[in-house]
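Report on the following structure.
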Number of protein chains: 2
Amino acid sequence: MSSIQYALLSLLAREQLSGYDMKQQMNGRINFFYKINNNQLYPTLSKLESEGYIQLQSHERESYRPAKKIYKITEKGIESLKAWVVEPSEPGAWDEFLLKQYSSWLVEPEVMLAQLAERRKEHEARLGQYTAKVALLRGQEERITADHPLFSSIAVIEMGILFERGYIEWCDKMIGWLRENRI
Amino acid sequence: MSSIQYALLSLLAREQLSGYDMKQQMNGRINFFYKINNNQLYPTLSKLESEGYIQLQSHERESYRPAKKIYKITEKGIESLKAWVVEPSEPGAWDEFLLKQYSSWLVEPEVMLAQLAERRKEHEARLGQYTAKVALLRGQEERITADHPLFSSIAVIEMGILFERGYIEWCDKMIGWLRENRI
DNA sequence: ATGTGCATGTAACTCGTTACATGATTGA
DNA sequence: TCAATCATGTAACGAGTTACATGCACAT
């Protein structure tokens, strides 16, 4: 199963929406980070409905337009979303991780805390690897100018380092918020 | 054109390699961040060769194994890589951006500096939007507990904020390195 | 007249993934 | 003996993108 279905469920877990509404929310940045197109959207909605994860709530026909089909998440839908949120996504699957966080309010805080601790450890490890790698590369030449391949190699890893630091910082913040039960 | 071809060119711009070597470098994390599989690799190499971006350097047959085909980048290949590096990638195309940075050593520092200044501005703007969005969401409820959808909405955007800050910090570092012509 | 928004959906395509195939060598 | 490594490559599938189709309302 790909993430798109869960992206849709994560929206419906918050409010009832039509396919069109979901697309608006997703493609209008800031609100959401996952993009979707019609060809994934409508077949996926049909599939989710036929499998009982969502159900048609109303069918508002406004004279001229195609009837607006408002969907609602089912109990089964919520359960499958919760199960997906807690199963670990593999390293590098950034979008998927964010998407899971977006539905983390459905999951018990203790479970999320355990997850976060593990994630934090992983990223701490990666940070260590990157730092070591940079040290290694820097040691190869005494002066590395901008036209040298090593310049770019190091620059890219330095980005990775900043990225990992941000990730770890976020884990710490999140752990604090969960402990205090407020954000 | 997809990024894979450029990923291969970016490796060959540094050293001569066989398809197998490229795959090793790419899939062995830390060294590289882009993954590739055989079905993309070998046809892409053939295509790059037939179009004159790379050329076969040697064909070492080690008795029993299939002959190891070592490729070399051509002048045309380097030129197309350089052109690709300086054309702006769209926001959110994170992998592509990193990949371009990986070949930035081929490009004149002044051009890179101009690029970086623009990128920095974009991310500064995004940071502002996220900050505003968080303030807006926080204002909606006086106390937001961990089981409330807003908890997750805010947490996700807070991640975006840390991410953008990291990006801006990296731009500043990079600008400094380019100005001093050393890293 | 022309374009944009609402609201559904389909067709055709490209991109990427998983799995398979060959075949000798080396290490457990 | 069984799996892993080296080194090339293909087949079949699934995911994702771009473009199209309908059709009325409303603003420029």
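By convention in this document, chain letters (A, B, ...) are assigned in the order of the sequence lines, proteins followed by strands, and residues within each chain are numbered from 1.
- As a whole-Å value, the separation of A:Met26 CE from D:dT17 C1' is 16 Å.
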So which protein N/O to nucleotides 9-11 of chain C N/O distances come out below 3.5 Å?
unit_1: C:dG9; atom_1: OP1; unit_2: A:Lys69; atom_2: NZ; d: 2.9
unit_1: C:dG9; atom_1: O6; unit_2: A:Asn38; atom_2: ND2; d: 2.8
unit_1: C:dA11; atom_1: N6; unit_2: A:Asn39; atom_2: ND2; d: 2.0

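- We find that CG of B:Leu17 is positioned 16 Å from C1' of D:dT8, with the value rounded to whole Å.
- Side-chain polar atoms of A:Gln25 and A:Glu15 form a donor-acceptor pair below 3.5 angstrom.
- Summarising the geometry, the separation between CG on A:Leu56 and P on C:dA7 is reported as 15 Å, rounded to the nearest angstrom.
- The pair A:Lys100-A:Glu96 meets the salt-bridge criterion, with a side-chain N (NZ, NE, NH1 or NH2) lying under 4.0 Å from an Asp/Glu carboxylate O.
- Remark: A:Arg182 fails to qualify as a cation-pi partner of B:Phe151 under the 6.0 Å distance and 45° angle criteria applied to the six-membered ring.
- Nucleic acid contact class of B:Ile4 (heavy atoms, under 4.0 Å, all strands): sugar-phosphate only.
- Taking atom CG of B:Asn37 as the reference point, atom C1' of C:dA21 lies 16 Å away to the nearest angstrom.
- Atom CD in A:Glu49 sits about 14 Å away from atom C1' in C:dT8, given to the nearest Å.
- Listed pair B:Tyr20 / D:dT8 fails the phosphate criterion, with no side-chain N or O lying under 4.0 Å from OP1 or OP2.
- Of the possible polar contacts, one joining the A:Ser50 side chain to the A:Lys47 backbone as a donor-acceptor pair under 3.5 Å is found.
- The distance from atom NZ of B:Lys35 to atom C1' of C:dT17 is 12 Å, rounded to the nearest whole Å.
- Under the side-chain contact (heavy atoms from CB on, under 4.5 Å) criterion, B:Thr145 pairs with A:Asn181, B:Arg143, B:Asp147, B:His148, not counting sequence neighbours.
- With ring centers used as reference points, B:Phe97 lies under 6.0 Å from B:Tyr167.
- Residue contacts for B:Ile36: at a heavy-atom cut-off of 4.0 Å it reaches no nucleic acid atom on any strand shown.
- Per the geometry, NZ belonging to B:Lys23 stands 11 Å off C1' belonging to D:dC6, to the nearest Å.
- In this structure, B:Arg14 forms a cation-pi arrangement with B:Tyr102, its terminal cationic atom sitting closer than 6.0 Å to the ring centre and no more than 45° off the ring axis.
- The distance between atom CG of A:Asp21 and atom P of C:dG5, rounded to the nearest whole Å, is 16 Å.
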